[in-house]
Student: 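Here it is, the structure in full.
Note that the coordinates shown come from a computational prediction; the quantities given were computed from them, not determined experimentally.
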Amino acid sequence: MASLAEKRMEDAEDHPIDQNTEVAARPEELRLLEALLFASAEPIDQAALAKRMPDGVDVKAALAQLQAEYAPRGVNLVRVANKWTFRTAGDLSWLMTRESTETRRLSRAAIEVLAIIAYHQPVTRAEIEEIRGVITSKGTLDVLLETGWIRPRGRRKTPGRPLTFGTTEAFLSQFSLEALGDLPGLEELKGTGLLDSRLPSGFSVPTPSDDVALREDEDPLEVGDNLELLLAPAAEPEEGGGS
């Protein structure tokens, strides 16, 4: 008795597929976009893709069509930090659990600091401590810098000219965010139980900014600023969590 594989081979021989017809029926720009995206080790922005495409191609529309084509497949076309890349479909992420599991977990203090930087950026270490209500140890910021999720972005134009911190594209990619505006708002945080539903009157969650340009109260970084934090003396150990 013929196996299932043999039957399929026989069917394929009896009903050959005209591959040239299939290729011709599909817009060439979709094939080009697929090739570029699959070949790239990093997400690519729309402008970079447009430079590699023939004149007259509506890259935005082509990306939308390609995204729709891949929506029901095991690999999806997604936009992260305003760049395009192929990712395993969300409902199949369990297949990659072993490969993607992080052995190093962030401490509660690191998670709090990361959240403050994400929502309040640009923010200084002193401002982080004021929000949390406790001293932030050098080690906590070091860990977040090592992950590549935060970066020194400038210096505040105040006495002492403290460093200001912001998040990176790696942060958006890690948490599958297209932009910082996709971070959960007050009601969403309440719904997940991350915030007490009985909050003080007037309590609000700031709207995070995606603007990478320095603000009026920031100066550019100077040579050696990236190392300054790592070489600074450690602060006293943290006690408890933020309020």
Side-chain angles (χ1 to χ4, degrees), residues 40-45 79-83 85 87 99-184 189 194 205-243:
S40 177
E42 302 291 337
I44 315 176
D45 61 38
R79 187 166 62 172
V80 177
N82 290 319
K83 295 184 178 181
T85 186
R87 291 270 179 95
E99 290 78 4
S100 62
T101 298
E102 293 286 345
T103 57
R104 184 178 184 181
R105 300 190 59 170
L106 291 180
S107 65
R108 176 180 175 183
I111 293 173
E112 290 177 357
V113 171
L114 179 61
I116 290 170
I117 293 174
Y119 280 95
H120 293 265
Q121 60 187 299
V123 62
T124 66
R125 179 168 167 175
E127 290 165 347
I128 294 171
E129 292 174 348
E130 181 179 357
I131 294 171
R132 294 187 65 222
V134 295
I135 294 175
T136 299
S137 75
K138 166 184 168 293
T140 298
L141 286 170
D142 284 350
V143 167
L144 293 176
L145 286 167
E146 289 172 6
T147 64
W149 297 346
I150 69 168
R151 64 180 178 89
R153 48 170 282 154
R155 283 189 173 279
R156 185 79 78 212
K157 295 179 180 178
T158 56
R161 300 180 66 246
L163 290 170
T164 57
F165 295 94
T167 54
T168 64
E169 286 190 2
F171 169 79
L172 296 176
S173 180
Q174 174 66 31
F175 295 96
S176 298
L177 299 171
E178 182 176 328
L180 284 173
D182 293 331
L183 285 168
L189 291 171
L194 295 175
V205 172
T207 301
S209 171
D210 280 306
D211 189 2
V212 297
L214 294 178
R215 298 189 178 181
E216 292 184 359
D217 62 350
E218 288 181 287
D219 281 327
L221 291 172
E222 299 171 355
V223 176
D225 278 341
N226 289 339
L227 296 177
E228 182 176 333
L229 182 69
L230 300 177
L231 299 175
E236 296 296 322
E238 302 187 25
E239 298 180 4
S243 55

Student: Would Ser209 and Gln121 count as having a side-chain donor-acceptor pair, cut-off 3.5 Å?
Tutor: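 Short answer, no.
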Student: Taking the side chain as C-beta and beyond, is there a heavy-atom pair between Pro220 and Leu214 under 4.5 Å?
Tutor: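 Result yes, sub-4.5 Å side-chain heavy-atom pair found.
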Student: Report yes if some heavy atom in the side chain of Pro208 is under 4.5 Å from a heavy atom in the side chain of Leu183; otherwise report no.
Tutor: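 Pro208 vs Leu183: side chains touch.
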Student: I'd like to check Pro152 versus Phe165 (side-chain heavy atoms, cut-off strictly below 4.5 Å). Are they in contact?
Tutor: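 Result yes, sub-4.5 Å side-chain heavy-atom pair found.
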Student: Identify the heavy atoms of Ala170 and Gly148 that sit nearest to each other, and give their distance.
Tutor: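 The answer is CB-O, 3.4 Å.
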Student: Any ring-ring contact (aromatic ring centres under 6.0 Å, His included) pairs touching residues 117-142, not counting sequence neighbours?
Tutor: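 Counting only pairs at least two positions apart or across chains, no ring-ring contact (aromatic ring centres under 6.0 Å, His included) contact touches residues 117-142.
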Student: Once rounded to the nearest 0.5 Å, what's the spacing between atom CG of Asp211 and atom CG of Leu180?
Tutor: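 Spacing of CG (Asp211) from CG (Leu180) equals 11.0 Å.
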Student: Sequence neighbours excluded, which residues qualify as side-chain contact (heavy atoms from CB on, under 4.5 Å) partners of Arg161?
Tutor: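 Only Arg155, Asp219, Glu222 meet the side-chain contact (heavy atoms from CB on, under 4.5 Å) criterion with Arg161.
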Student: The criterion is salt bridge (Lys or Arg N to Asp or Glu O under 4.0 Å); which residues satisfy it with Arg153, sequence neighbours excluded?
Tutor: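 Salt bridge (Lys or Arg N to Asp or Glu O under 4.0 Å) list for Arg153, sorted by chain: Glu218.
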Student: Using the ring-ring contact (aromatic ring centres under 6.0 Å, His included) rule, collect all pairs that involve residues 141-163, keeping only residues at least two apart or in two chains.
Tutor: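 Output for this query lists Trp149-Phe175.
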Student: Taking Glu216 first and then Lys157, would you say they form a salt bridge - that is, a charged N and a carboxylate O separated by under 4.0 Å?
Tutor: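 Looking at Glu216 and Lys157, the cut-off is not met.
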Student: Using side-chain contact (heavy atoms from CB on, under 4.5 Å) as the criterion, list what pairs up with Ser107, not counting sequence neighbours.
Tutor: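 Checked Ser107 against side-chain contact (heavy atoms from CB on, under 4.5 Å); matches are Ala109, Ala110.
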Student: Before you tell me yes or no, could you show the steps for Leu163 and Arg125 under side chain to side chain contact (heavy atoms under 4.5 Å, CB included), namely the whole-Å CA-CA distance, both residues' side-chain angles and the distance that decides it to 0.1 Å?
Tutor: CA-CA 7 Å; Leu163 290 170; Arg125 179 168 167 175; over 6 Å; no
Student: Do you know the tightest heavy-atom contact between Pro162 and Thr124?
Tutor: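 Pro162 and Thr124 have their closest heavy atoms at CG-CG2, 3.9 Å.
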Student: Determine whether Glu129 and Val134 make a side-chain contact, defined as any pair of heavy atoms from C-beta on separated by less than 4.5 Å.
Tutor: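 The answer is no, as the side chains (C-beta and beyond) never meet within the 4.5 Å cut-off.
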Student: Please examine the side chains of Ile128 and Ile117, heavy atoms only from C-beta on, and report whether any two atoms are closer than 4.5 Å.
Tutor: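 Heavy-atom side-chain distance check passes, below 4.5 Å.
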Student: Using every non-hydrogen atom in the two residues, find where Glu127 and Pro122 come nearest and quote the distance to one decimal.
Tutor: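 Closest approach of Glu127 to Pro122: OE1-O, 4.2 Å.
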Student: Are Lys83 and Glu42 close enough, and set up right, to give a salt bridge (Lys or Arg N to Asp or Glu O under 4.0 Å), and what steps lead you there?
Tutor: CA-CA 9 Å; Lys83 295 184 178 181; Glu42 302 291 337; over 6 Å; no
Student: Quick one: closest heavy-atom pair of Ser173 and Val80, and the distance?
Tutor: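 Of all heavy-atom pairs spanning Ser173 and Val80, the closest is CA-CG1, 3.3 Å.
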Student: Could you tell me which residues satisfy side-chain contact (heavy atoms from CB on, under 4.5 Å) with Glu178, sequence neighbours excluded, listed by chain and number?
Tutor: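 With sequence neighbours excluded, Glu178 shows a side-chain contact (heavy atoms from CB on, under 4.5 Å) to Arg79, Asn82, Asp182, given in chain and number order.
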Student: So, do Ile150 and Leu114 sit near enough that their side-chain heavy atoms are less than 4.5 Å apart?
Tutor: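 Result yes, sub-4.5 Å side-chain heavy-atom pair found.
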Student: In sequence, state the C-alpha distance, the side-chain angles, and the governing distance for Leu144 and Val113, and then conclude on side chain to side chain contact (heavy atoms under 4.5 Å, CB included).
Tutor: CA-CA 9 Å; Leu144 293 176; Val113 171; 3.7 Å; yes
Student: To the nearest 0.5 Å, what is the distance between CG on Leu106 and CD on Glu112?
Tutor: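 One finds 11.5 Å between CG of Leu106 and CD of Glu112.
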Student: What I'd like to find out is whether the side chain of Val123 reaches to under 4.5 Å of the side chain of Thr164, using heavy atoms alone.
Tutor: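 With C-beta onward as the side chain, the pair stays apart.
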Student: So how far is it from Thr158 OG1 to Asp217 CG, rounded to the nearest 0.5 Å?
Tutor: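 Taking OG1 in Thr158 and CG in Asp217, the distance rounds to 8.0 Å.
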